[in-house]
Q: 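Attaching a single structure in C-alpha cells format; questions to follow.
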Amino acid sequence: MSFSALGLSDFFQHTLDDLGYAEPTKVQAQAIPAILEGRDLLAAAETGSGKTAAFVLPLLEKLLDYPRPHSHQVTALILVPTRELVVQIKQAVQDYSLDYPRRLKTVAVYGGVSINMQMQAMLAGCDVMVATPGRLLDLIEKNAISLNQVEYLVLDEADRMLDLGFADELEGIINLLPVQRQNLLFSATFPQEVDALIDRLLFNPVCIEIERQNKLPDSLIQRPIEVDKAQRTTLLRHLLAENLGAQFLVFVASKRTAENVADKLYKYNFNVDTLHGDKPQTERNATLAAFKAGKIRVLVATDLAARGLDIPLLPFVVNYDLPRSPADYVHRIGRTARAGEAGTAFSFIDPDNDTHFKLIIKRNQLEVTLEQIAGFERKTTSEQVTTEVRKGLQPVKGKRKSKKDKLREAAARQS
Ligand code: AMP
C-alpha cells in the first residue's frame, strides 16, 4: 500500500521514498485516513511503531488548507513529556515537510534553555508547535503564546506525561483550548489516569490497537551475563574491544555512575560521553545528535534516554545496572534491533541482582540463558557484595579531561 492511497498528497510520497519508507506501518495505515477524515483518535502505540509519522503526516496534509497563523497563534499543538521528544518530533516535522508547497513554521518549546528565543519565535505565530507542558504554560503566562486558535491537539506518550506528574499542567492547557478541535491521543499503556484523560478529551474516537511492541523482534539477542559488580567496567571494555568500532548505549542507574563509567572508559581512550538529567539541555541535545551521527562511540545514559528516543542502527545496548522496573528493561533493550536490523542487549547480573533479574524476565515473559564470560566469572556471593558495599568499596569518582586540558597537554608536549 502506498502513502498516497491513504489520502496524502503525492509530494509526500516523494519525500517518504527519499527517506526509505517503502510502505506505511500498521499504525500509519490505520491512523492517517481517520485523521484526514477529521475524527478524534485513540492509539495504543509505542515508539518504534512509526507513530510520529502517523500523526505528523496527516496533520501536515490538513495544514495545507490553512493560512499562516497570526502573531502568537498556534494551529497544531503537539504535547510530549520530554525535551528529547520535542527535538525528535520537530525534526520529523521538518523531514516530512521537505517538499511542502508552502513555508511551514514549526516551533519547539521546552524548558532548560533560554525562554527568550522561544518567545521571539512565536512573534509570527506557528503552524506546528511541539511542546512540553511546563514551558508551554510559562510562555502562555508571559503572553507569548495564545492557544485560542488551536485546531489540532496531539498528546503523545500520554501515559508517560501523567507518570511524570504533568496532570495539572495538562488540565491547565486543555482549559485554554477552543472547544471545537480535533484530538489525537497516543499512549503505550492505559492506566486509570489515562482513561480519565481519554474521557475528558476525546469525542467518539477511532480506536487503534497495535500489537504490543514488547514483543521484541527476533533479531534482538539478549545476553544476560553473570559478573561481579567490581568487574563490570572491565567486562564492558572487553565487549567494546570485541566489537571494534560498533556503537554502544550503556544504561546505568544514576548520574554519578554515568560519569564514573565514562571516566574509566575515557582513561582507556574510548570515545565516550554521558546523557543524564544534570546536564544542561543544550548539551544533552548536542550529545544525542553527535551519538546519532556516529561521532560518539559509547553513550552512558540514565533512563532519561530509554524511552521514546529513536537511534537508528544501534547494534549494542548494555544494562550496566539493571532497570528498577521490568517495563523499563523492554524499553531499554528495544533501543537496538530496530527496523529489522540485528542487535544485542547485554545485561550485567551481579549476585545481588539475581532475584531482580528473574522478576524482570518473568514479568516480561521472556526466555533467556544466563552466561559467564571466560575471565569474568563471578567470585563473590550476594552476602560478600553487600559487605563490600557497606565498607564503602565503591568506585572512586575520576575526572575526565576537558577539550581544553587535552589541548594544553598537546601544546606542552610540543613545546
Ligand atoms: P516512531 O515510532 O515514530 O518513533 O518511529 C520509529 C522509526 O521508524 C523512525 O526512525 C522513523 O523514521 C521510522 N519509520 C516511520 N515510518 C516508517 C515507514 N513507513 N517505513 C520505514 N520506517 C519508518
Side-chain angles (χ1 to χ4, degrees), residues 1-9 11-33 35-36 41 43-61 76 78-99 106 128 130 154-161 184-189 208-217 219-220 247 249 288-289 291-294 304-315 317 330-341 343:
M1 193 200 300
S2 70
F3 284 94
S4 302
L6 298 177
L8 294 173
S9 294
F11 69 85
F12 281 119
Q13 187 70 53
H14 176 248
T15 318
L16 297 169
D17 284 346
D18 281 353
L19 287 171
Y21 290 15
E23 56 174 32
T25 64
K26 276 190 195 150
V27 66
Q28 289 162 6
Q30 294 181 52
I32 292 173
I35 297 171
L36 289 177
L41 181 91
E46 297 184 355
T47 313
S49 59
K51 66 182 167 72
T52 313
F55 61 81
V56 170
L57 289 169
L59 283 183
L60 295 183
E61 178 76 39
I78 303 171
L79 290 177
V80 302
T82 64
R83 304 152 182 188
E84 276 75 14
L85 259 186
V86 171
V87 174
Q88 196 165 294
I89 293 179
K90 183 179 181 212
Q91 185 60 50
V93 174
Q94 279 163 351
D95 290 346
Y96 300 147
S97 58
L98 271 185
D99 298 303
T106 311
V128 181
V130 194
V154 182
L155 289 195
D156 192 18
E157 303 209 352
D159 49 352
R160 181 119 200 264
M161 205 125 54
L184 319 173
L185 186 145
F186 291 76
S187 195
T189 57
I208 297 178
E209 178 140 26
I210 301 302
E211 280 166 41
R212 300 248 344 129
Q213 288 291 304
N214 58 8
K215 260 184 68 197
L216 291 162
S219 58
L220 197 166
Q247 274 191 305
L249 177 58
L288 197 63
F291 188 62
K292 283 187 180 188
L304 184 80
R307 283 202 193 202
L309 296 183
D310 180 46
I311 303 164
L313 300 180
L314 180 64
V317 165
V330 175
H331 287 300
R332 283 182 178 189
I333 69 175
R335 298 307 95 205
T336 182
R338 308 192 71 155
E341 294 290 326

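In listed order, ligands and their atoms are each counted from 1.
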Q: Measure the shortest side-chain to side-chain distance between Leu60 and Val93 over non-hydrogen atoms and say whether it is less than 4.5 angstrom.
A: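 When only atoms from C-beta onward are counted, Val93 and Leu60 do touch, with a gap below 4.5 Å.
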Q: Starting from the C-alpha separation in whole Å, work towards a yes-or-no answer on side-chain hydrogen bond (donor to acceptor under 3.5 Å, both in side chains) for Thr106 and Gln94.
A: CA-CA 8 Å; Thr106 311; Gln94 279 163 351; 5.5 Å; no
Q: Give the single entry among Ala29, Gly50, Ala54, Ala92 that approaches atom 5 (O) of ligand 1 most closely by any heavy atom.
A: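 Closest candidate by heavy-atom distance is Gly50.
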Q: Sort out for me which residue in Ile32, Leu41, Ile89 forms a side chain to side chain contact (heavy atoms under 4.5 Å, CB included) with Phe55.
A: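 When side chain to side chain contact (heavy atoms under 4.5 Å, CB included) is applied between Phe55 and each of Ile32, Leu41, Ile89, only Ile89 qualifies.
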Q: Listed by chain and number, what are the side-chain hydrogen bond (donor to acceptor under 3.5 Å, both in side chains) partners of Asp18, not counting sequence neighbours?
A: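 Asp18: no side-chain hydrogen bond (donor to acceptor under 3.5 Å, both in side chains) contacts found.
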Q: Holding to side chain to side chain contact (heavy atoms under 4.5 Å, CB included), I want the full list of residues that pass it with Pro81, two or more places apart in sequence or in another chain.
A: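 Side chain to side chain contact (heavy atoms under 4.5 Å, CB included) check on Pro81 returns Leu85, Glu157, Arg160, Met161, Leu164.
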Q: Nearest 0.5 angstrom please: Glu23 CD to Leu16 CG, how far?
A: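 Output value for this atom pair is 12.5 Å.
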Q: With a cut-off of 4.0 Å, which atoms of ligand 1 are near a heavy atom of Thr52?
A: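 It comes down to these atoms of ligand 1: 1 (P), 3 (O), 4 (O).
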Q: Are the aromatic rings of Tyr96 and Phe12 close, with centres under 6.0 Å apart?
A: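 Not close enough - the centres of the two rings lie 6.0 Å or further apart.
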Q: For Lys51, take its heavy atoms, then give the atoms of ligand 1 lying under 4.0 Å from any of them.
A: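 By the 4.0 Å cutoff, the relevant atoms are 1 (P), 2 (O), 3 (O).
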Q: Does any N/O atom on Gly48 come nearer than 3.5 Å to any N/O atom on ligand 1?
A: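 N/O-N/O distance under 3.5 Å: yes.
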Q: Decide whether an N or O pair under 3.5 Å exists between Tyr96 and ligand 1.
A: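 There is no such contact.
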Q: By number and element, which atoms of ligand 1 are closer than 4.0 Å to a non-hydrogen atom of Glu23?
A: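 Heavy-atom distances to Glu23 below 4.0 Å select 18 (C), 19 (N), 20 (N).
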Q: At under 4.0 Å between heavy atoms, is it the side chain or the backbone of Phe55 that contacts ligand 1, or both, or neither?
A: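 Looking at Phe55 and ligand 1, no heavy atom falls under 4.0 Å.
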Q: Can you name the atoms of ligand 1, numbered from 1 with element, that are less than 4.0 Å from a heavy atom of Phe3?
A: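 Going through ligand 1 atom by atom, the ones under 4.0 Å from Phe3 are 19 (N).
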Q: Does only the side chain of Gln28 get under 4.0 Å from ligand 1, or the backbone, or both, or neither? Count heavy atoms.
A: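 Only the side chain of Gln28 comes within reach of ligand 1.
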Q: Are any of the N or O atoms of Gln88 closer than 3.5 Å to those of ligand 1?
A: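 No - when backbone and side-chain N and O of Gln88 are compared with those of ligand 1, no distance drops under 3.5 Å.
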